[in-house]
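Residue indices begin at 1 and follow the sequence shown.
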Amino acid sequence: MTEDKGIPAYNEEQIQVLEGLEPVQRRPGMYIGSTGPRGLHHLVYEVVDNSVDEALAGACDRIDVVIHADASVTVRDNGRGIPVGIHASQGRPALEVVMTTLHAGGKFDGASYKVSGGLHGVGVSVVNALSEWLEALVERDGGMFRQRYERGTPVTDVVRVGPSSRTGTTVSFRPDPKVFETLDFSFETLSQRLRELGFLNRGLTIDLKDERSGQGVVYCYDGGLAAFVTYLNENRTVLTAPIHFEQEREGVVVDVALQYNDGYVESIFSFANNINTEEGGSHLSGFKSALTRVINDYARRNNLLKKAEVTLSGEDVREGLAAVISVKLREPQFEGQTKTRLGNSEVRGIVESSVGEGLSTFLEENPSVARVAVEKALQASRSREAARKARELTRRKTALDSGSLPGKLAD
């Protein structure tokens with residue numbers, strides 16, 4: 001009856017089951033955000049994040065990233081190397097399982113990686129699915145092993161190509177031009193993300209080279225997040241030295257750095273297990289709450305607030321602030337595969353108490369810095385109040401200048 005009305009048939013024959021990597025190839029946006037420049041660069045981030053997870057495990061201290069002239073990219077690390085032995089339940093080499101199977105990886109049991117950005121076991125297999133070709137070269141167990149894939153399908157076996165005394169993984173891939181709108185990698189976009197990872201992982205060396213232009217840069221920062229906020233305020237007049245503290249509570253490492261400048265814009269970056277949570281989440285909420293509470297408490301205790309200025313708002317205390325919040329935890333709950341927001345509700349309280357304690361201690365020990373921070377917030381509060389009164393006055397005049405009021409009521 002439905003077909004007679006021009007409505008397509010819908011029965012059991014229309015129910016499809018996508019196998020292997022086909023879901024990624026059919027709906028790439030679900031896994032990498034888009035098929036535009038953002039998704040293109042996300043492929044590199046997924047591979048690099050695996051190498052950074054090796055660094056978090058203490059097994060890697062160098063990552064090399066090369067953009068080649070043919071729009072392919074190589075990411076190399078000196079970590080432990082992806083296992084190449086036969087996987088017991090799959091009957092295939094572990095390398096092939098990792099590269100061709102969604103939700104397969106070493107980050108589920110919490111043993112091989114106590115903390116990692118990769119959680120779902122889909123990162124590198126998604127890159128494989130969306131690449132015209134991908135080659136994996138693994139060095140471990142005294143040998144060098146290679147396997148090649150085309151659009152996610154293995155075209156060679158895992159082959160031992162020679163001896164090696166080193167360990168590590170090298171992944172080279174060329175994004176599929178049939179999937180992506182452009183294959184033009186931006187050196188600036190990649191360098192920005194790799195610089196972040198350099199700041200977030202003290203002592204890790206990240207080398208980026210672009211064979212198309214000959215550009216190259218090496219990131220390695222021993223100053224950690226304090227160096228990060230100094231970089232954020234590079235072209236601004238700073239009002240305080242970097243404020244930096246790190247604590248571990250309930251298995252969560254909270255690392256925070258902040259510094260005030262004479263500007264009016266806040267620059268706050270939040271990270272969870274090295275993943276840039278662009279949309280924030282529970283860790284950012286905890287930081288903001290603690291910052292507002294601590295600045296207000298300090299101002300009240302030291303009689304820096306007048307009666308008319310009862311409370312400083314969150315906007316007031318964040319004006320001219322550059323800050324970086326980084327948390328590392330065992331079971332982060334990201335919203336979606338692109339991981340732009342952290343969802344763990346318990347992290348808010350942990351970050352709030354850690355920042356509250358760390359910042360309170362710092363302000364008590366550094367009263368000159370504390371007074372600068374409070375005065376900056378007070379200026380913002382006064383400006384906001386003056387702007388509010390000006391708006392109200394303007395609205396009142398506009399309402400009374402209508403000309404339709406009786407003479408005695410005219411302004």
Side-chain angles (χ1 to χ4, degrees), residues 30-33 42 45-46 49 52-53 56 107-108 110 113-123 193 196-197 199-201 224-226 228-229 232 243-259 265-297 311-319 321-363 377:
M30 175 182 169
Y31 295 88
I32 58 169
H42 194 83
Y45 303 158
E46 287 284 5
D49 286 346
V52 172
D53 287 343
L56 286 174
K107 298 167 187 174
F108 295 114
Y113 298 87
K114 289 184 179 178
V115 169
S116 72
L119 304 167
H120 310 139
V122 301
R193 172 60 180 153
E196 286 176 356
L197 291 170
F199 283 127
L200 290 163
N201 298 275
L225 297 194
F228 200 161
V229 292
L232 293 176
I243 303 169
H244 179 229
F245 47 87
E246 184 175 353
Q247 288 190 11
E248 182 172 350
R249 294 189 178 203
E250 300 174 35
V252 178
V253 177
V254 180
D255 193 2
V256 174
L258 56 139
Q259 184 180 36
V265 180
E266 62 180 81
S267 295
I268 302 179
F269 293 86
S270 62
F271 299 86
N273 289 8
N274 288 317
I275 305 296
N276 187 346
T277 45
E278 295 173 11
E279 296 176 17
S282 53
H283 53 332
L284 182 57
S285 301
F287 168 77
K288 288 181 175 179
S289 298
L291 178 70
T292 306
R293 177 171 50 80
V294 169
I295 296 289
N296 272 292
D297 288 350
T311 305
L312 297 167
S313 72
E315 289 180 6
D316 296 335
V317 301
R318 295 195 302 272
E319 186 174 290
L321 177 70
V324 182
I325 304 98
S326 173
V327 295
K328 293 188 170 95
L329 61 160
R330 282 179 178 267
E331 294 289 340
Q333 298 166 12
F334 293 107
E335 296 179 11
Q337 168 58 18
T338 49
K339 303 170 187 167
T340 53
R341 186 176 179 83
L342 183 68
N344 299 64
S345 57
E346 75 279 5
V347 170
R348 175 176 176 140
I350 293 171
V351 172
E352 193 167 344
S353 58
S354 297
V355 173
E357 184 180 309
L359 187 56
S360 294
T361 302
F362 183 90
L363 295 182

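Atom CZ of Phe287 sits about 7.5 Å away from atom CG of Leu359, to the nearest 0.5 Å. With rounding to the nearest 0.5 angstrom, the CG atom of Leu321 is 9.5 Å from the CD atom of Gln259. Atom-to-atom distance recorded for Asn274:CG and Arg193:CZ is 7.0 Å, nearest 0.5 angstrom.
A donor-acceptor contact shorter than 3.5 Å links the side chain of Thr277 to the backbone of Ser270. Between the Ser282 side chain and the Val347 main chain, no donor and acceptor come within less than 3.5 Å of each other. A distance-only check finds a donor-acceptor pair linking the side chain of Asn296 to the backbone of Leu312 [under 3.5 Å]. Side-chain atoms of Asp316 come within 3.5 Å of backbone atoms of Ser313 as a donor-acceptor pair (strictly under, hydrogens ignored).
Closest heavy-atom contact between Ser360 and Gly356: OG-O, 2.6 Å. Annotation for Gly358 and Gln247: closest pair N-NE2, 3.9 Å, computed over non-hydrogen atoms. Minimum heavy-atom separation, Leu232 to Ala323: CD1-O, 4.4 Å. Heavy atoms only, all atoms of each residue included: Ala226 and Ala257 are closest at N-CB, 3.9 Å. Taking both residues in full, the closest heavy atoms of Ile268 and Glu266 are given as CD1-OE2, 3.5 Å, listed atom of the first, atom of the second, then distance. The two atoms that bring Ile325 and His283 nearest to each other are CG2-O, 4.4 Å, heavy atoms only.
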>> Run the side-chain contact (heavy atoms from CB on, under 4.5 Å) test on Asp53 and Asn273 for me, step by step, so that the C-alpha distance in whole Å, both residues' side-chain angles and the decisive distance to 0.1 Å come before the verdict.
In response: CA-CA 9 Å; Asp53 287 343; Asn273 289 8; 5.9 Å; no
> Between Phe271 and Val327, does a side-chain contact (heavy atoms from CB on, under 4.5 Å) hold up when you go through it step by step?
Replying inline: CA-CA 6 Å; Phe271 299 86; Val327 295; over 6 Å; no
> Val355 and Phe245: side-chain contact (heavy atoms from CB on, under 4.5 Å), yes or no, with the steps?
Replying inline: CA-CA 8 Å; Val355 173; Phe245 47 87; 4.1 Å; yes
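Take Ser353 and apply the side-chain hydrogen bond (donor to acceptor under 3.5 Å, both in side chains) test, not counting sequence neighbours, and it matches Arg249.
The only option from Val265, Leu258, Leu291 that meets the side-chain contact (heavy atoms from CB on, under 4.5 Å) definition with Arg318 turns out to be Leu291. Remark: of the listed residues Ile350, Val351, Asn344, Ile350 is the sole one forming a side-chain contact (heavy atoms from CB on, under 4.5 Å) with Val252.
By the 6.0 Å contact criterion, CD on Glu248 is enclosed, its count of non-hydrogen atoms from other residues, nucleotides or ligands being greater than 12.
Note on ring orientation: taking the six-membered ring where Trp is involved, the planes of Phe269 and Phe228 are parallel (angle under 30°, cut-offs 30° and 60°).
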